[in-house]
Amino acid sequence: MLLHSYHEKLAENINHTLNVLHVPTHDAPSLIAMMVRPPSPEKGDLSIPVFKLAPNGQNPAAFAQQLVHHLKTTELFSKFDAAGPYVNVFFNPQTYAQKIIENAGSVPPVPGKDVEPVMIEYASPNTNKPLHVGHLRNLALAESMIRLFSHNGKKVIRAQVINDRGVHICKSMLAYEKWGRSTTPESTGMKSDHFVGKWYTEFTKHAETNPALEEEAQAMLVKWEQNDTHVRELWKKNNEWAIKGMFQTYARMGATFDVNYYESEFYQNGKDIVMQAYEKGLLKKADNGAIIVPLEKFGLPDKPVIRGDGTSLYFTQDIYLAMKRFHDYPTLERIVYVVASEQEMHFKQLFATLKLLGVPQAEKCYHLGYGLLTLPSGKMSSRAGTVVNADELMDELVQMAVEEYNKRNPELSTSEIARRANVIALSALKFYLVKQDAKKELVFDPKESISFDGQTGPYLLYTTARILSILRKSTHTLDVHAANLLTLPTEKMLLTILSKKDEVIAAALRNYSPHVLGHYLLDLANTFNTYYHETKIIQENEKLEKARLALANAIRQTLEEGLYLLGIETLREM
RNA sequence: GCCCCAGUAGCUCAGCCUGGAUAGAGCACCUGCCUUCUAAGCAGGGGGUCGUGGGUUCAAAUCCCAUCUGGGGCGCCA
């Protein structure tokens, strides 16, 4: 980390001075923990409140004065200043600015051969309807975590479970068979997953007035389980359409998968595992014969794993699947399940059950939950028809961006407009989805998500394009060695923000919180735009211009790197 | 009843993990700024009992306890 050496040296320096003053010293880590950033760069680069350093009874402000008086400037620290009970420290601007700028261009480590991989499970689609905007929150969050892990030198395995069986799938199949058998996605010109979803909707509509349809769907599921040739054929066709369409949506979002687990291939597989556990006396049996996992000692409700009729549950396959993954990838460092927080209990129970069954990797499982996505009008409901479809939303965003181009840059070719509009639309969407704390509910306001003003992806793209334009326009090349000329308050502010980059990225990863990175980028872009308006980068003083170009370029690199980590592509020109 | 999450400006949210200097953005509203590096921009203005009550501390939006409100979840759904 950029600041690390400064922290250490400052701690040394302070302890030395405390010694001189015959005041108790502190170990370096606790001194470093006390250090804070001053509220504004003019006050210094680093600050330490002296409440805990001052000897008993001494006024902290007076002690701060005394400390400052005795602290010695060094090659790293050019000035100390007492401000009330704070000692503010100024770093040597000659070297600090240059280090910050160079750090902006540093490249992340490449994963070593023997790095333990991290598996991220996300998306978890059903094959009865197309993806909706809730899935997009999942994809955006997961993609960002994937890139943060990779940035940190981890190898990432992208995985999804495709829920391709069950009564909901049969509903769509049944409706198709009853009312649409002569049609196909091709004949109707529909995207294939939308086609499947249409029949699911048809089913729901008809089932309201014809309850017998529910029973028919159940009967179809039984036939499916009995491997009925006709039902299986229908199912295969249905799933191919659904999955093909979903992968098209994934491709648009930039989501890819290394492993696809199809529920239909293992939905009965947990049974033997739990039956063995039952025989070992780890599980209990209910009056009706159901097998229950006792979880009192984990502070959780008990969980059935085998129904009274002997069939297994989704939970049971999840036990199997977790074990399978640790078997297939024995060096897995962890599995991150990116799944809505409605399922928090499911995962708590799952991880506790793995522990109970003696699976040593139980500790390596983590549920990254995220809040429900709601609309300004309330929760999305497929019955009320208020589900915001993923493809349609993306189309709408692209269309908005195209209209902006037709207004602003009508001279561009339609293909270039299409290309740029696509990048801008995706930046708007993805940034909107990751800029907010994942655990909070997200009110998805389509109008606001489409807006390109304010705290948005397009704002960040605009800022990077603006910097690139300056770099192109200047007749000079940047020079980091001139960085000591960057002395304006806003330049100091920009350097301070840049200096936080690594800690922000580290925090985003550690706390599974890409949004902190999002807000950081907004702060950086915002401050740069202020700078842009108040200061000329290209001007008569060549040396100064080279310094400012170096700063601008460092900002550009940081914005691009940050956006990349959020899964967002940038443009050279807006 | 129990568990989890949220409550900060009219609205949408940062800040809380790891306490520190006057609580920050965006949207909306009002006023300015394009013959000069991209105005998808910038500057300024109004707007806050940080849900409430206690406690800990030199210091609390941040930690602890209680409480209210909203959302989600809780043995044979996925």
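All values derive from a computational prediction rather than experimental measurement. Proteins get letters first, then strands, A, B, ... in listed order; numbering begins at 1 in each.
In this structure, A:His515 and A:His519 have perpendicular ring planes: the angle between them is above 60°, well past the 30° mark. Below 30°, between 30° and 60°, or above 60°: for A:Phe347 and A:Tyr337 the angle between ring planes is between 30° and 60°, a tilted geometry.
Atom-to-atom distance recorded for A:Gln317:CD and A:Tyr267:OH is 9.5 Å, nearest 0.5 angstrom. Distance check: A:Ser427 OG to A:Ile568 CD1 gives 6.0 Å after rounding to the nearest 0.5 Å.
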Considering only distance and modelled atom types, tabulate donor-acceptor pairs under 3.5 Å from the side chains of residues 80-87 of chain A, sequence neighbours left out.
none

Name the atoms and distances for all side-chain donor-acceptor pairs under 3.5 Å in residues 304-312 of chain A, with sequence neighbours left out.
unit_1   : atom_1 : unit_2   : atom_2 : d
A:Arg307 : NH1    : A:Thr311 : OG1    : 2.9
A:Arg307 : NH1    : A:Ser312 : O      : 3.1
A:Asp309 : OD1    : A:Thr311 : N      : 2.9
A:Asp309 : OD1    : A:Thr311 : OG1    : 2.6

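A:Pro514 has its side chain within reach of A:Leu141: a pair of non-hydrogen atoms, C-beta onward, lies under 4.5 Å apart.
Regarding the sugar-base torsion, B:rC34 falls in the syn class, its angle being within 90° of 0.
Within 4.0 Å of A:Thr374, counting heavy atoms only, lies no atom of the nucleic acid at all. Using a 4.0 Å heavy-atom distance criterion, A:Pro39 is classed as a base contact. Counting any heavy atom pair closer than 4.0 Å across all strands shown, A:Asn88 reaches a base atom. Residue contacts for A:Gly308: at a heavy-atom cut-off of 4.0 Å it reaches a base atom on one of the strands shown. Within the 4.0 angstrom heavy-atom criterion, base atoms lie near A:Pro38.
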Strictly under 3.5 Å: I want the nitrogen or oxygen pairs between protein and nucleotides 70-73 of chain B, one per line.
unit_1 : atom_1 : unit_2   : atom_2 : d
B:rG71 : O2'    : A:Glu441 : OE2    : 2.4

Under 3.5 Å, which N/O atoms of the protein pair with N/O atoms of nucleotides 6-10 of chain B?
unit_1 : atom_1 : unit_2   : atom_2 : d
B:rG7  : OP1    : A:Lys440 : NZ     : 3.1

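Along RNA chain B, the nucleotide nearest A:Leu46 and the nucleotide nearest A:Lys435 are compared for position; the residue whose nucleotide lies closer to the 5' end is A:Lys435. Comparing A:Tyr86 and A:Leu522, the nucleotide of RNA chain B nearest to each residue sits closer to the 5' end for A:Tyr86.
Nucleotides B:rC74 and B:rU57, compared at atom C1', are 38 Å apart to the nearest Å. Atom P of B:rG10 sits at a distance of 7 Å from the matching atom of B:rG48, rounded to the whole Å. Taking atom P in both B:rG53 and B:rC68, the straight-line distance is 15 Å, to the nearest Å. If you take atom P in B:rG46 and the same atom in B:rU12, they sit 23 Å apart, rounded to whole Å. The gap from the P atom of B:rU62 to that of B:rA39 amounts to 42 Å, rounded to the nearest Å. Here, B:rC11 and B:rG54 have their P atoms 26 Å apart, quoted to the whole Å. Nucleotides B:rA6 and B:rC63 place their P atoms 10 Å apart, quoted to the nearest Å. Atom C1' of B:rG44 sits at a distance of 32 Å from the matching atom of B:rG7, rounded to the whole Å.
In this structure, CE of A:Met35 is placed 15 Å from P of B:rG19, rounded to the nearest angstrom. Rounded to an integer number of Å, the gap from A:Asp302 CG to B:rC76 C1' is 12 Å. Counting to the nearest Å, the P atom of B:rA78 and the NZ atom of A:Lys129 are 15 Å from each other. One interatomic measurement links the two molecules: CG of A:Asn511 to P of B:rC16, which rounds to 9 Å at whole-angstrom precision. At whole-Å resolution of the value, CG in A:Asp445 and P in B:rA28 are 12 Å apart. Straight-line distance from the CG atom of A:Leu433 to the P atom of B:rU12: 18 Å, rounded to whole Å. The interatomic distance linking A:Lys171 (NZ) with B:rC77 (P) rounds to 14 Å, in whole Å. Taking atom NE2 of A:His367 as the reference point, atom C1' of B:rC3 lies 15 Å away to the nearest angstrom.
Pairs engaging residues 416-431 of chain A under the salt bridge (charged side-chain N to carboxylate O under 4.0 Å, His left out) rule: A:Glu416-A:Arg419, A:Glu416-A:Arg420, A:Arg420-A:Glu573 [sequence neighbours left out]. Within the structure, the side chain to side chain donor-acceptor pair (under 3.5 Å) test picks out the following pairs touching residues 50-66 of chain A (sequence neighbours left out): A:Gln58-A:Gln66. Residue pairs that meet the ring-ring contact (aromatic ring centres under 6.0 Å, His included) test with at least one member in residues 428-458 of chain A, sequence neighbours left out, are A:Tyr432-A:Phe444. The stretch residues 344-354 of chain A participates, sequence neighbours left out, in these side chain to side chain donor-acceptor pair (under 3.5 Å) pairs: A:Asp318-A:His346, A:Glu344-A:Lys348.
Stretches of at least 3 consecutive Watson-Crick or G-U wobble pairs, with each checked distance under 3.5 Å, appear in RNA chain B as B:1-7 with B:68-74, B:10-13 with B:24-27, B:29-33 with B:41-45, B:51-55 with B:63-67.
No cation-pi contact links A:Arg137 to A:Tyr370, judged by a cut-off of 6.0 Å to the six-membered ring centre and 45° from its axis.
Two rings, from A:His7 and A:His4, have their centers 6.0 Å or more apart.
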Per-nucleotide protein contact string for nucleotides 37-45 of chain B, where B marks a base within reach and S marks sugar-phosphate only (heavy atoms under 4.0 Å, - for neither): BBSBBSS--

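Both thresholds, 5.5 Å between centres and 30° between ring planes, are not jointly met by A:Phe51 relative to the base of B:rA59, so the two rings are not stacked.
The ring-ring contact (aromatic ring centres under 6.0 Å, His included) check on A:Tyr520 picks up nothing, with sequence neighbours excluded. In this structure, A:Phe90 has no ring-ring contact (aromatic ring centres under 6.0 Å, His included) partners at least two apart in sequence or on a different chain.
Contact check, A:Gln455 against B:rA25: no side-chain N or O comes under 4.0 Å of OP1 or OP2.
When distances are taken from the side chain of A:Glu448 to each of B:rA78, B:rU12, B:rG15, the shortest belongs to B:rU12. The listed nucleotides are B:rA14, B:rA78, B:rG20; the one nearest the side chain of A:Pro49 is B:rG20.
Side-chain contact of A:Asp164 with A:Thr127: a donor-acceptor pair under 3.5 Å is absent, judged by distance alone.
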